[in-house]
Every structure is written in C-alpha cells, then in structure tokens.
2 protein chains.
Amino acid sequence: MHEIKTNHSSEELKNQALALSVDCVVFGYDHDDNDLKILLIKTETEEFKGQWSLLGDLISPSENLNDAAIRILKKRTGMEDVYLEQVETFGNTSRHPRGRVVTVAYYSLIKIEDYILNIEKLDLEARWHSITEVKHLAFDHYEILHTCYNRLKRGLRERPVGFSMLPKKFTLQQLQDLYEVVLHIKLDRRNFRRKLQAYDILVKLPESQTGVNHRPAKYYAFDQAKYEELIKQGKTFRIP
Amino acid sequence: MHEIKTNHSSEELKNQALALSVDCVVFGYDHDDNDLKILLIKTETEEFKGQWSLLGDLISPSENLNDAAIRILKKRTGMEDVYLEQVETFGNTSRHPRGRVVTVAYYSLIKIEDYILNIEKLDLEARWHSITEVKHLAFDHYEILHTCYNRLKRGLRERPVGFSMLPKKFTLQQLQDLYEVVLHIKLDRRNFRRKLQAYDILVKLPESQTGVNHRPAKYYAFDQAKYEELIKQGKTFRIP
DNA sequence: ACAAAAGTGTTTATTATACACCCATGT
DNA sequence: ACATGGGTGTATAATAAACACTTTTGT
C-alpha cells in the first residue's frame with residue numbers, strides 16, 4: 001500500500017523529469033439540505049497555503065491509474081466500491097509551481113451517509129463543500145472541478161449514475177430532487193415518474209417512510225440487472 | 001521543435017521512472033470509396049516489429065499535451081489546423097514492454113484530399129487503412145482506436161465535427177454518406193436534409209457538381225458562425 | 001379538521017419516421 | 001430517349017410537455 005504524501009519537494013519532482021498524479025472530484029448528494037457537495041482538503045503545497053484542493057496524489061510507476069484513484073479515495077474517505085470515472089488529463093506545463101505534473105482527473109460519486117459513518121471511526125481531514133460556494137481552488141483544480149461537474153451532469157442524464165449518490169432505498173422525490181439540484185432544472189413530477197416507470201429499473205420496496213407528518217412515500221431501490229437488460233435490448237436511458 | 005523518435009531504448013524509459021506519450025487516432029473520410037480510414041505507421045519498437053501503430057511520441061517535460069499532439073500530426077501528415085480532441089488516458093503498467101509509459105489518446109479529423117497534396121511534397125511514412133480492415137495493432141493501440149472511434153461517433157451526432165473530414169465545399173449526399181459510414185446506419189435522405197435545413201448551419205454555394213452524367217448536386221459549405229449562433233440560442237444540434 | 005407532501009391521467013404540442021415521384025444532366 | 005442520381009412534401013406515429021385534484025398520514 002502506498003502512503004499518500006501531498007507535499008512534494010521541488011527535488012522530488014525534478015528527479016522525475018515529469019510526474020503524473022491523479023485528482024478526484026468526489027461528489028455527494030446531501031438530501032437533508034438538498035445540495036450537491038464536493039469533498040476537499042486543505043492543500044499542503046506551500047505556494048497555495050490555506051487553499052482548498054481536490055483529493056489527489058502522485059502515482060507510482062508500478063501503479064495503474066484506476067488503482068491510484070481507488071487508493072486515494074480509500075485513504076481520504078475510508079470508502080471502497082465508489083463510482084469512478086476518468087474524465088480528462090490536465091497537463092499544462094505551468095499548472096504546478098514545483099515542476100511538471102500532469103494529472104489525470106476522475107470524478108467519483110459517494111453516498112454521503114456511508115461517508116458520515118466512516119468519519120466517526122476514522123480521522124479523515126476532508127470536508128464537504130457546497131458546489132455553489134466553491135469559487136476558487138489551489139492549482140487548476142477549479143477548472144478540473146467544473147470539467148468533472150459537466151461530465152457528471154452528462155452522466156446523470158445518460159446513465160443511471162445518480163443512484164450512486166443516494167441511499168440504497170430512496171423515495172422518488174429524493175431521486176427527482178437529486179436530478180433537479182445537479183442539473184439545475186425543474187422537472188415535472190408526473191412526467192418524471194412516468195418515465196422511470198417506463199424504464200422499469202426500480203423495484204418498489206415493501207417499506208414506506210416513517211416519522212413524517214404527511215402521507216409517507218414508498219421506498220424504491222435501483223435494480224442494476226434490469227438496467228442492463230434494458231441496454232441489452234438496445235434501448236436508451238435518458239433523463240430528462 | 002522536437003524531433004519524433006518512436007524507438008526508445010529501455011534505458012531511456014527507465015531513466016524517466018515514468019514516461020508520458022501522446023497517441024493520435026487520425027480519421028479521414030474517403031469519399032471516393034465511401035470509407036472511413038485511419039492513418040497508421042509501422043512501429044519501430046522491436047517487440048512489435050512489423051505491426052501497425054497509431055501516430056504517437058513521448059512528450060517532453062516542457063511541452064503541453066495539446067502541443068505534443070499538434071507536433072506529431074504536423075510531423076507525420078504535414079498538416080496543421082486539424083480537428084483535435086483529447087479522449088482518454090491509458091496507463092496500465094503492462095501496456096508498454098519497455099517500461100511504464102502512460103499515453104494520452106487524442107482523435108483527430110483531417111480532410112484526406114489536403115493530406116494527399118502533402119504526401120506528394122513530403123516524404124511521409126504513414127498509410128491509410130480502412131477502419132473495418134484493422135484487426136490488430138501494436139501495444140494497446142487497437143483498444144485506443146476503438147475508444148476513439150466511439151468518441152468520434154458520439155461527436156458526429158452531437159457536434160458538427162463531420163465537416164472537418166469533408167472538403168470545404170461538399171454535396172448533401174456526401175455529408176449523408178459520411179454520417180452513414182461513420183455511424184454505420186442508414187438515413188432517410190429527405191429527413192436528413194430537412195433536419196440540416198432546420199439548423200441553418202450550411203450555406204448553399206453558387207456552384208454545382210460538374211462532369212457527372214446526372215443532375216448535378218449543389219455544393220454547400222459549413223458556416224461555423226451560424227452554428228455558434230444556434231448554440232448561443234440554447235438550441236441543440238443532434239444527428240440523427 | 002387541517003396541514004403537508006404523495007400519488008396519479010389526460011390532453012396537447014413537438015418531433016421523428018415512413019414513403020414515391022419529378023428534375024436536370026450526360027451519353 | 002434513356003440512365004443516373006438530385007431534389008422535394010405530406011401523412012402518421014411516437015415522444016415530450018403541460019397541467020390539478022385526491023390520498024394518506026401526523027397533529
């Protein structure tokens with residue numbers, strides 16, 4: 001297991017004529033305040049002291065790209081089996097003040113409440129930030145963030161990735177709220193439900209919400225096998 | 001200007017603990033035989049002797065990623081101002097027999113007839129291959145090729161990139177043939193023309209085809225400014 | 001009984017698809 | 001005159017969008 005070290009000296013970077021890193025934009029959907037959040041850490045690089053940055057690290061010559069991303073996520077969130085997707089590689093010669101560091105950007109989706117369980121057990125330094133409040137990050141991370149956000153928005157419309165940010169059981173309203181917040185659009189409740197019903201990728205659970213002072217909503221779960229069946233039949237998934 | 005050298009010794013690769021390269025999948029549409037082609041060179045890497053490979057090279061520590069792609073294209077095709085898009089970074093530790101080489105894959109679109117003009121003047125080693133005939137390439141280039149081909153297909157449907165593979169003036173039938181060959185689908189001529197007319201991104205030129213023994217087709221040109229106007233109005237381009 | 005969010009159908013507008021005949025040119 | 005591909009319109013089907021009332025629970 002590699003140790004993560006984010007504060008690399010100029011010497012270390014110069015010795016590798018060119019260094020490669022992985023940076024992860026970690027998205028989570030907070031359904032308590034209905035907000036899309038990203039996980040950031042305070043950078044340890046002197047030149048950007050005090051600024052927030054993405055979760056990243058140099059990759060070792062013996063490590064695959066995806067494995068590096070998984071390692072970083074495991075180290076910073078305690079979580080494995082998160083949704084992960086390579087987005088773009090950023091390699092401007094001027095992007096790192098200490099030398100040439102090319103970085104492969106990933107976005108990752110996690111279920112915030114699973115993460116919450118972990119921070120109680122582990123001593124994790126990362127903090128959630130509302131994506132709307134992030135105005136500036138260390139390095140070119142703000143640009144990377146928005147490239148990844150655009151990719152997430154596309155993924156959400158074209159593939160059932162949203163479920164990776166929801167609890168295993170969720171209400172249709174929670175799902176719609178997620179779509180509305182991430183895509184920044186308003187959806188019609190009846191049309192949204194009809195479309196999901198047509199895809200037949202959700203299973204209705206026998207449980208309902210409890211402790212709400214209104215009609216309790218039914219819980220649903222995403223059925224990956226049914227989704228794959230849909231795709232195998234050449235059908236396309238698209239919301240909205 | 002960097003020189004391209006594709007046959008790197010194990011020593012050279014080991015000295016950079018990790019090396020970064022750029023590989024370009026160069027697509028061209030041959031409207032004489034209505035076929036999508038890719039440009040390949042014979043690899044100089046001993047382990048893959050005699051096999052075809054993508055156009056690529058190591059990138060220097062002082063060179064931006066896009067600039068490396070532009071340099072490779074200029075060197076191998078004599079062409080500048082080609083359409084270029086980063087696709088994905090391939091970094092499996094085992095992908096290069098001589099060491100760790102992570103490669104950033106690009107796809108590029110060129111007008112074949114402009115290229116033909118260049119090979120008469122320059123001594124270029126690359127050769128066109130029909131994409132349907134390529135079954136195997138050196139390294140993991142076959143996988144890279146198909147990842148880029150999928151990206152091209154998506155781009156063609158969602159953005160007006162096809163024009164980068166056609167002459168400046170073209171007939172509507174040539175444009176439709178390109179879509180049919182690249183996407184591997186059959187389109188209805190009337191519906192295709194109606195949709196293009198609706199987008200209003202083509203200008204009809206005063207010229208027509210000559211030397212054909214049937215009713216000559218009108219020539220059209222793509223109008224980039226009109227396309228940008230369309231997008232600025234929040235409209236979306238999609239074919240089919 | 002009231003407040004609060006869940007759940008549910010129908011009508012209309014938009015977009016996509018299917019399809020066949022006349023036109024202009026070269027031989 | 002005939003062969004060849006170029007050019008054009010209309011009807012139907014499918015999909016998306018707009019819209020409001022009833023239901024269930026807790027207080």
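Chain letters run A, B, ... following the sequence lines, proteins first, then strands; residues in each count from 1.
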Taking [atom1] from [X] and [atom2] from [N], how many angstroms apart are they, rounded to a whole number?
{"X": "A:Arg190", "N": "D:dA20", "atom1": "CZ", "atom2": "P", "value": "8 Å"}
{"X": "B:Asn191", "N": "D:dT12", "atom1": "CG", "atom2": "C1'", "value": "12 Å"}
{"X": "B:Leu172", "N": "D:dG5", "atom1": "CG", "atom2": "P", "value": "17 Å"}
{"X": "B:Tyr220", "N": "D:dG6", "atom1": "OH", "atom2": "P", "value": "12 Å"}
{"X": "B:Glu207", "N": "D:dG6", "atom1": "CD", "atom2": "C1'", "value": "17 Å"}
{"X": "A:Lys186", "N": "D:dA17", "atom1": "NZ", "atom2": "P", "value": "14 Å"}
{"X": "A:Gln176", "N": "C:dA5", "atom1": "CD", "atom2": "C1'", "value": "12 Å"}
{"X": "B:Asp188", "N": "D:dG7", "atom1": "CG", "atom2": "P", "value": "15 Å"}

Item to check | Criterion side-chain hydrogen bond (donor to acceptor under 3.5 Å, both in side chains) on A:Tyr29 and A:Asp35, from CA distance to verdict | outcome: CA-CA 6 Å; A:Tyr29 170 64; A:Asp35 195 12; over 6 Å; no
Checklist entry - Would you say D:dA16 has OP1 or OP2 under 4.0 Å from some side-chain N or O of A:Lys195? => result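 Checking A:Lys195 against D:dA16: at least one side-chain N or O falls below 4.0 Å of OP1 or OP2.
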Checklist entry - Under 4.0 Å: is that the gap between some side-chain N or O of B:Arg189 and OP1 or OP2 of D:dG7? => result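 It does not, given that no N or O in the side chain of B:Arg189 lies less than 4.0 Å from OP1 or OP2 of D:dG7.
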Checklist entry - A:Arg194 or A:Gln209: which one's nearest nucleotide on DNA chain C is closer to the 5' end? => result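 Nearest-nucleotide comparison on DNA chain C picks A:Gln209.
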Checklist entry - So do A:Leu73 and A:Met79 actually touch side chain to side chain, heavy atoms under 4.5 Å? => result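 No. Closest side-chain heavy atoms not under 4.5 Å.
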Checklist entry - What about the rings of A:Phe237 and A:Tyr199, do their centers lie closer together than 6.0 Å? => result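 Yes.
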Item to check | Pair A:Tyr107 + A:Tyr149: ring centers closer than 6.0 Å | outcome: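 No, too far apart.
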Item to check | Degree of bending in the helix from C:dA1-D:dT27 to C:dT27-D:dA1 once both end axes are built from five pairs, to 10° | outcome: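 The angle separating the two end axes equals 10°.
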Next on the checklist: So, using ring pair (Phe, Tyr, Trp, His ring centres under 6.0 Å) as the criterion, who are the partners of B:Phe192 when residues are at least two apart?
Outcome noted: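 Partners of B:Phe192 by the ring pair (Phe, Tyr, Trp, His ring centres under 6.0 Å) criterion, ordered by chain and then number, come out as B:Tyr179.
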Checklist entry - Taking 4.0 angstrom as the limit, do A:Glu125 and A:Lys42 come out as a salt bridge? => result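 No, this pair does not count.
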Pull out every protein N or O sitting under 3.5 Å from an N or O of nucleotides 24-27 of chain D, one pair per line with the distance.
from	atom 1	to	atom 2	distance (Å)
D:dT24	O2	A:Arg215	N	2.9

Next on the checklist: Distance to the ring centre below 6.0 angstrom and angle to the axis at most 45 degrees; does that hold for A:Lys204 and A:Tyr220?
Outcome noted: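 No, A:Lys204 and A:Tyr220 do not form such a contact.
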Item to check | Proximal nucleotide (of D:dA17, C:dA6, D:dG6) relative to the A:Ala217 side chain | outcome: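 Closest nucleotide to the A:Ala217 side chain: C:dA6.
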Checklist entry - Side chain of B:Asp140, backbone of B:Glu143: donor and acceptor closer than 3.5 Å? => result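 A pair under 3.5 Å: no.
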